Amino acid sequence: MTDAAEPTRTNFIRQIVEADLAAGTHDRVVTRFPPEPNGYLHIGHAKSIALNFGLAESLGGQCNLRFDDTNPHKENVEFVEAIKTDVRWLGFEWGGQARFASDYFERLYGFAVELIEQGLAYVCELDAEQMREYRGTLTEPGRPSPWRDRPVAENLELFARMRAGEFPDGSRTLRARIDMAAPNINLRDPVLYRIKHGVIHHQTGDAWCLYPTYDFTHPLSDAIEGVTHSLCTLEFEDHRPLYDWCVEHVSVPSRPRQIEFSRLNLEYTVTSKRKLTELVAEGHVDGWDDPRMPTIAGLRRRGYTPTALREFCERIGVTKSENRVEMAMLESAIRDDLDAHAPRRMAVLRPLKVVLTNYPEDEVLNISAANHPKDESMGSREIPFGRELYIDRADFAEVPPKGFKRLVPGGEVRLRNAYVIRCDEVVKDAAGEVVELRASIDPATLGCKPEGRKVKGVIHWVAAAHAVAAEVRLYDRLFRVAMPGAEGQDYRNDINPDSLEVLVDCMLEPSLGGAQPGERFQFEREGYFVVDPDSTAQRPVFNRTVGLRDSWGKGNG
RNA sequence: UGGGGCGUGGCCAAGCGGUUAAGGCACCGGGUUUUGAUCCCGGCAUCCCCAGGUUCGAAUCCUGGCGCCCCAGCCA
């Protein structure tokens with residue numbers, strides 16, 4: 001993980017902020033993370049959270065959590081609470097209470113009145129289609145709305161009546177009066193307020209039938225909160241002139257500065273709220289926290305740690321370039337954290353019974369095994385050893401591929417933490433399938449190297465009499481192509497049908513019996529696993545977070 | 001074809017007129033190892049989208065191309 005001696009990795013935004021601080025433009029940095037509560041947070045939000053909160057934290061400033069709740073149709077409190085949970089889980093604290101853009105609706109309304117009074121906003125009666133026609137195209141200028149030059153007094157009266165609920169949805173809007181011929185379409189008299197009757201807003205209830213748009217709400221909310229640097233993604237770059245326009249023409253207490261960075265694109269996943277919502281709604285996954293989802297909740301259930309996610313965000317950096325980050329980046333971050341912190345355990349995923357013919361029937365040997373190979377402070381636990389064991393089917397081969405160093409007929413292998421054994425006999429059923437192995441131990445090899453030969457293979461095992469049966473869920477990428485939905489196809493066609501494999505008869509070493517949901521372990525030679533909340537006292541359920549790096553399994557078995 | 005951005009190795013990304021063009025991920029060797037893990041050592045861009053130009057000197061400045069992304073919601 002990040003070495004304390006190593007300087008904080010920087011990026012162009014941090015450089016701008018530090019320069020502003022150094023120049024005295026601001027004496028304290030204030031940022032904000034502004035999610036719309038219309039879905040769960042995903043890995044892309046984690047990048048923004050890490051940037052906004054991380055920047056404020058490291059520079060002694062403040063980062064506000066502000067819900068951008070201007071479109072009550074799609075928002076709800078479940079999402080508000082889930083978002084708070086996720087931000088906290090990532091390890092960040094926001095300044096004061098969580099805020100809502102809706103906290104400012106009254107002030108925002110007042111600012112709109114200010115614009116009207118200056119002749120900078122007007123009530124327009126064009127409907128949506130007409131407005132589109134009047135807006136022009138990318139290459140042709142728009143035409144002024146017939147309502148553009150209404151007298152101030154009339155606009156004031158109409159706007160008040162809009163608020164009073166006198167007009168139906170869609171019949172009027174309040175528009176900024178900027179420039180219908182602007183090459184930047186966002187400046188062609190954008191809508192500031194629209195009418196929405198009959199929606200119960202999760203914060204303001206039925207107090208309003210008038211809702212401000214993002215373009216109006218965002219800059220003014222930033223200014224109200226004294227945000228110094230308002231960080232957003234590249235698609236808002238075109239909106240910056242409008243952002244600045246709003247702040248300049250209204251009696252707001254500060255002048256925030258918007259800076260844009262590129263959003264994260266992670267291979268083999270989708271990170272668009274629309275698509276994630278569909279995956280959940282259409283049942284392609286089990287919910288927002290399905291371990292295959294790139295949501296924070298999904299990654300948490302998958303076994304990712306806040307540390308790994310934050311480290312990942314540090315590693316990918318913050319720039320304005322289009323990017324497509326490889327999964328390997330994310331996986332490397334979680335492996336680094338878990339390698340250092342996850343206690344080791346033995347778990348047999350696909351059991352094959354082994355009977356040790358020269359080991360006493362009811363003798364149980366308790367072997368002490370270190371919980372971590374290079375961190376003694378993690379202690380040790382006892383593992384029972386007996387005559388009957390389970391090993392993984394993949395660790396035995398009747399006809400081994402070249403280079404195989406596990407168990408083969410007549411061959412020897414080291415049982416991790418225990419003896420070296422030799423496979424003496426292969427027992428098959430009527431169908432010819434291997435059902436059991438009969439083997440013998442070399443009693444002189446417990447904690448010692450065998451004499452006169454070297455045994456290169458080491459495999460894990462579990463004593464049959466003491467094994468804890470469990471379910472293990474192996475997850476793979478949700479999509480089978482790096483860019484789902486590329487080339488205009490439906491991203492749903494790229495869903496990987498084998499993204500989940502459930503193993504129902506796994507055998508775990510007994511110390512895993514009482515593991516609690518959320519606990520993480522390394523199953524030696526397999527990977528990192530976390531206890532799923534679906535676990536019961538009788539039957540634990542583990543999710544594979546990520547496998548171990550495997551330089552053998554790549555081209556072989 | 002209007003406007004706004006971006007273009008450094010397979011991926012991410014430093015670089016801010018003088019560096020042998022950081023670092024991470026991935027990959028390829030080699031060593032240690034009772035996890036084919038970890039760890040350690042080594043390799044991996046004579047070149048920075050292309051072409052001109054300025055300069056003693058350019059990935060960094062200028063000009064012209066080319067490529068890619070975003071914008072015509074009363075979404076954010």
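Fair warning: this is a prediction, and the values are worked out from it, not measured in the lab. The sequence lines fix the lettering, A, B, ..., with proteins before strands; numbering per chain opens at 1.
Residues A:Asp68 and A:Arg99 are not paired through a salt bridge, judged by the lack of any N-O separation under 4.0 Å between the basic side chain and the carboxylate. Look at A:Arg345 and A:Glu526 and you find no salt bridge, because none of the NZ, NE, NH1 or NH2 atoms lies under 4.0 Å from a carboxylate O.
In this structure, B:G42 and B:C28 make a Watson-Crick or G-U wobble pair, each of the two defining distances being under 3.5 angstrom. Pairing for B:C6 is with B:G67, a Watson-Crick or G-U wobble pair whose two hydrogen-bonding atom distances lie under 3.5 Å. When both distances must be under 3.5 Å, the Watson-Crick or G-U wobble mate of B:G18 is B:C56.
B:U63 and B:C71 have their C1' atoms separated by 28 Å, with the value rounded to a whole Å. Distance noted for atom C1' between B:A45 and B:G23: 15 Å (whole Å). Rounded to whole Å, the P atom of B:C16 lies 23 Å from the corresponding atom of B:C11. Using C1' as the reference atom, B:C28 and B:C6 are 32 Å apart when rounded to the nearest Å. When the P atom is compared between B:C47 and B:C39, the two are found 34 Å apart, to the nearest whole Å. The gap from the C1' atom of B:C66 to that of B:C56 amounts to 32 Å, rounded to the nearest Å. To the nearest whole angstrom, the two P atoms, one in B:G4 and one in B:G42, are 49 Å apart. Here the separation of B:A13 from B:G18, taken at their P atoms, is 23 Å to the nearest Å.
As judged by a 4.0 angstrom heavy-atom cut-off over every strand, A:Tyr193 is placed among residues making no nucleic acid contact. At a threshold of 4.0 angstrom between heavy atoms, the contacts of A:Arg344 include nucleobase atoms, whether or not backbone atoms are also involved. Note on A:Lys456: nothing from the nucleic acid sits closer than 4.0 angstrom, heavy atoms only. A:Ile316 comes within 4.0 angstrom of sugar-phosphate atoms only, judged by non-hydrogen atoms across all strands, and of no base. At the heavy-atom level, A:Glu326 lies under 4.0 Å from base atoms of the strands shown. Among the heavy atoms of the strands lying under 4.0 Å from A:Gly403 is at least one base atom, whether or not backbone atoms are also near. Across all strands, A:Gly447 comes closer than 4.0 Å to base atoms (heavy-atom distances). A:Asp238 comes within contact range of at least one nucleobase, with a heavy-atom separation under 4.0 Å.
Separating the CZ atom of A:Phe529 from the P atom of B:U35 is a distance of 18 Å, rounded to the nearest angstrom. Atom CZ in A:Arg188 sits roughly 13 Å away from atom P in B:G2 (whole-Å rounding). A straight line from NZ of A:Lys374 to C1' of B:U32 spans 10 Å, rounded to a whole angstrom. The nearest whole Å value for the distance from the NE2 atom in A:His239 to the P atom in B:G73 is 11 Å. Rounding to whole angstrom units, NE2 of residue A:His372 and P of B:U35 are separated by 12 Å. Counting to the nearest Å, the C1' atom of B:U35 and the CH2 atom of A:Trp552 are 16 Å from each other. At whole-Å resolution of the value, NZ in A:Lys275 and C1' in B:C75 are 16 Å apart.
With 3.5 Å as the limit, one finds a donor-acceptor pair spanning the side chains of A:Arg32 and A:Ser230. Donor-acceptor pairing under 3.5 Å is lacking for the side chains of A:Arg520 and A:Thr305.
Base orientation at B:G29 is anti, since its O4'-C1' glycosidic dihedral falls outside 90° of 0.
In this structure, A:Met483 places its CE atom where only 12 or fewer heavy-atom neighbours from other residues, nucleotides or ligands lie under 6.0 Å away.
Nearest to the side chain of A:Arg549, among B:A37, B:C25, B:A76, sits B:A37.
Of the side-chain N and O atoms in A:Gln15, one or more sit less than 4.0 angstrom from OP1 or OP2 of B:G15.
Ring pair A:Tyr419/A:Phe385: centre-to-centre distance below 6.0 Å.
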